[in-house]
Trainee: 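Mind having a look at this structure? Questions to follow.
Keep in mind that the numbers below use all heavy atoms, side chains included, and drop hydrogens, waters and symmetry copies. Numbers for residues simply follow the sequence, beginning at 1.
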Amino acid sequence: MPRDLLRRAASRLRRTVAGTPPQPAPLPVLGYVVAGAGGAHPASAHVRVVRRTEHLAASGVAEARQVDPAAFLEGTDTTPYAALLVQRDILPLDAVQPFLDAAAARGIRVVAEVDDDFFTESGRSRLARAEYDPDRLASIDALVRGADTVVVSTPELADVVRPVARAVTIVPNALDPALWTAGAAEDDDERPRDEHRVLYMGTLTHAADLELLHDVFVDLAAEDGTPIRLEVIGVTEDGDSDWFRRVEVPDGHYPAFSRWLVAHRERWSAGVAPLRDEPFNRAKSDLKFLEYTALGLPAVVSDRPSYAVARTHGAVAVPDDTDAWRTAVRAAVDRGAPDARAARWVAEERTIGRDGDAWRRVLLG
């Protein structure tokens, strides 16, 4: 009798085990190394790395985790990362090779991300003026040479990087719809009747590009005589000028900045993105066109490789001619809204989640 009881118990156990649903495999973990922490990161880190990896995590294909490079090097971070995404100069020069060696010893792929020309003489000269010291530039060079692959934002930048990288993948910039989908603008009468305002925003690496607009905006007026005033966010450390006005944005990192722009978009009638004809600028992306379009602003841009694709989708690309720029800006101000093709293209093809899965492929294979 006890033997029968044991047999029946064993049979029940086998049936229970056989009926247990299989446990899902753990998600691959993507580690990313960027400046800042706790969601407070530079704009480039948000645009190129943080928003992308967070979207992958939200879609359920991976877990995303910011990595402390010191903990990784010390061995206290033992996470079996599927890949480590490292952005440009976040690693000090003397830590780059040890980091690469530690990843290789654990069989972890290192993907470097760069979004500017850090390699040509023109690029290094421009970045030096924007306070990139030689060690920062050297750390980027060492990372790009040692990484398993490098992600860039444009074909032109890929051409610059290929001679020094093992492999290069192009993933164009895209906007996070959680930040750039326009809701109701603030009703604060920011678009006055006595002037039209045109927005130019960017980092300090664009200070030289601002000079291209001087003769364009001096005494510029619409056909009805209403003055057209340039407003600048970032770009230069100079204060107000007789031909442009600085706009101070409340403190906050990229998500807060983007939402502030969306909420105050009625302040402007158009956006501009000038680029000097220099090797550094030829590798630039069309991010400004995307952002202006998401704000509901027509964009006038320099006729450079950066905007070649955007031009086919409604961007107004202008040669280096003052009269052509003045005419284009007047027309944009008069129109007051982006080309319908541009708005559709940005929403449907240049928004995270709707722009393909290149980012997932490069990180997860």
Trainee: Using side-chain heavy atoms (C-beta onward) and a distance below 4.5 Å, is Val150 in contact with Val111?
Mentor: no
Trainee: Without swapping roles, check the side chain of Thr149 against the backbone of Ala167 for a donor-acceptor pair under 3.5 Å.
Mentor: yes
Trainee: Is there a side-chain contact between Ile108 and Phe72 (heavy atoms, below 4.5 Å)?
Mentor: yes
Trainee: Verify ring-ring contact (aromatic ring centres under 6.0 Å, His included) between Phe244 and Phe217, making sure each step is shown before the conclusion.
Mentor: CA-CA 8 Å; Phe244 71 83; Phe217 280 92; 9.8 Å; no
Trainee: Do Asp68 and Asp77 have side-chain heavy atoms sitting under 4.5 Å apart?
Mentor: no
Trainee: Pick from Asp117, Asp209, Asp116: which one makes a salt bridge (Lys or Arg N to Asp or Glu O under 4.0 Å) with Lys284?
Mentor: Asp116
Trainee: With a 4.0 Å cut-off on N to O distance, would you call Glu349 and Arg344 a salt bridge?
Mentor: no
Trainee: Output yes when a side-chain donor or acceptor of Thr351 lies under 3.5 Å from a complementary backbone atom of Val346, and no otherwise.
Mentor: yes
Trainee: Would you say Trp180 and Ser258 make side-chain contact, with heavy atoms under 4.5 Å?
Mentor: yes
Trainee: Could you check whether any side-chain heavy atom of His196 comes within less than 4.5 Å of a side-chain heavy atom of Arg229, counting everything from C-beta outward?
Mentor: no
Trainee: Do the charged groups of Arg145 and Asp141 touch, with an N to O distance under 4.0 Å?
Mentor: yes
Trainee: Mark yes or no for whether Thr226, through its side chain, and Ala222, through its backbone, hold a donor-acceptor pair below 3.5 Å.
Mentor: no
Trainee: For residues Ser153 and Ser285, report the shortest heavy-atom separation together with the two atoms involved.
Mentor: OG-CB, 3.9 Å
Trainee: Per the side chain to side chain contact (heavy atoms under 4.5 Å, CB included) rule, which among Asp159, Val161, Asp115 passes with Val152?
Mentor: Val161
Trainee: Does one side chain, of Thr79 or Arg65, offer a donor that lies under 3.5 Å from an acceptor on the other?
Mentor: yes
Trainee: Applying salt bridge (charged side-chain N to carboxylate O under 4.0 Å, His left out) to Arg267 and Glu231, what does each step give before you reach the verdict?
Mentor: CA-CA 10 Å; Arg267 182 182 181 94; Glu231 293 198 328; 2.7 Å; yes
Trainee: So, Asp215 versus Thr322: side-chain donor-acceptor pair below 3.5 Å or not?
Mentor: no
Trainee: Output yes when a side-chain donor or acceptor of Arg326 lies under 3.5 Å from a complementary backbone atom of Val216, and no otherwise.
Mentor: yes
Trainee: Determine the interplanar angle of the Trp345 and Phe289 rings, folded into 0 to 90°, and report it as parallel if under 30°, tilted if 30 to 60°, perpendicular if over 60°.
Mentor: tilted
Trainee: In terms of hydrophobic clusters joined by side-chain contacts under 4.5 Å, are Leu213 and Met201 together?
Mentor: yes
Trainee: Is the closest basic N to carboxylate O distance between Asp148 and Arg109 below 4.0 Å?
Mentor: no
Trainee: Determine, stepwise, if the pair Leu261 / Ile233 fulfils side chain to side chain contact (heavy atoms under 4.5 Å, CB included).
Mentor: CA-CA 10 Å; Leu261 286 171; Ile233 297 177; 3.9 Å; yes
Trainee: Compare all side-chain heavy atoms of Leu199 with those of Tyr292 and state whether any distance is below 4.5 angstrom.
Mentor: yes
Trainee: Take atom CD in Glu348; do more than 12 heavy atoms of anything else shown fall under 6.0 Å from it?
Mentor: yes
Trainee: Check whether Thr312 reaches the backbone of Val309 with its side chain - one donor and one acceptor, N or O, closer than 3.5 Å.
Mentor: yes
Trainee: Salt bridge or not between Glu195 and Arg197? Use side-chain N to carboxylate O under 4.0 Å.
Mentor: yes
Trainee: Whether Asp176 and Arg52 form a salt bridge (side-chain N of Lys/Arg under 4.0 Å from carboxylate O of Asp/Glu) is what I want to check.
Mentor: no
Trainee: When you look at Val67 and Tyr32, which way does the side chain to side chain contact (heavy atoms under 4.5 Å, CB included) test go after all the steps?
Mentor: CA-CA 6 Å; Val67 177; Tyr32 60 91; over 6 Å; no
Trainee: Aromatic rings His214 and Trp243: how do their planes relate, parallel, tilted or perpendicular, breaks at 30° and 60°?
Mentor: perpendicular
Trainee: Could you pull out the closest heavy-atom pair between Pro298 and Arg335, with the gap in Å?
Mentor: CB-NH2, 3.1 Å
Trainee: Rounded to the nearest 0.5 Å, how far apart are CZ of Phe119 and CZ of Arg124?
Mentor: 7.5 Å
Trainee: Classify the ring geometry between His264 and Trp260 as parallel (under 30°), tilted (30 to 60°) or perpendicular (over 60°).
Mentor: parallel
Trainee: Should Asp89 and Leu143 be marked as a side chain to side chain contact (heavy atoms under 4.5 Å, CB included) after you check the CA-CA gap, both sets of side-chain angles, and the distance that decides it?
Mentor: CA-CA 8 Å; Asp89 63 333; Leu143 175 66; over 6 Å; no
Trainee: Testing the 3.5 Å rule here: is there a donor-acceptor pair between the side chains of Ser44 and Arg88?
Mentor: yes
Trainee: Does this structure show an ion pair linking Arg304 with Asp320, if we count only N-O contacts that are shorter than 4.0 Å?
Mentor: yes
Trainee: Show your working on side chain to side chain contact (heavy atoms under 4.5 Å, CB included) between Leu85 and Val33 and close with a plain yes or no.
Mentor: CA-CA 6 Å; Leu85 178 59; Val33 187; over 6 Å; no
Trainee: If I compare all heavy atoms of Ser139 with all of Pro92, which pair ends up nearest, and what's the gap?
Mentor: CB-C, 4.2 Å
Trainee: Can you confirm whether Arg276 sits close enough to Leu212 that some side-chain heavy atom of one is under 4.5 Å from a side-chain heavy atom of the other?
Mentor: yes
Trainee: How far apart are the C-alpha atoms of Glu113 and Arg48, what are their side-chain angles, what is the distance that settles it, and do they pass the salt bridge (charged side-chain N to carboxylate O under 4.0 Å, His left out) test?
Mentor: CA-CA 8 Å; Glu113 191 284 321; Arg48 292 293 295 168; 2.8 Å; yes
Trainee: Check whether any side-chain heavy atom of Ile90 lies under 4.5 Å from a side-chain heavy atom of Val34, and answer yes or no.
Mentor: no
Trainee: Could you tell me whether the side chain of His313 and the main chain of Ala343 form a donor-acceptor pair under 3.5 Å?
Mentor: no
Trainee: Is there a path of hydrophobic side-chain contacts, each under 4.5 Å between heavy atoms of I/L/V/M/F/W/Y residues, joining Leu364 to Tyr81?
Mentor: no
Trainee: Give the minimum heavy-atom separation between Val316 and Ala328, together with the two atoms involved.
Mentor: CG1-CB, 4.1 Å
Trainee: Does the His253 side chain pair with the main chain of His41, one donor and one acceptor, at a distance under 3.5 Å?
Mentor: yes
Trainee: Which pair of heavy atoms, one from Leu30 and one from Ala82, lies closest together, and at what distance?
Mentor: CD2-CB, 4.5 Å
Trainee: Looking at Leu297 and Trp268, what are the two nearest heavy atoms and their distance?
Mentor: CD2-O, 3.4 Å
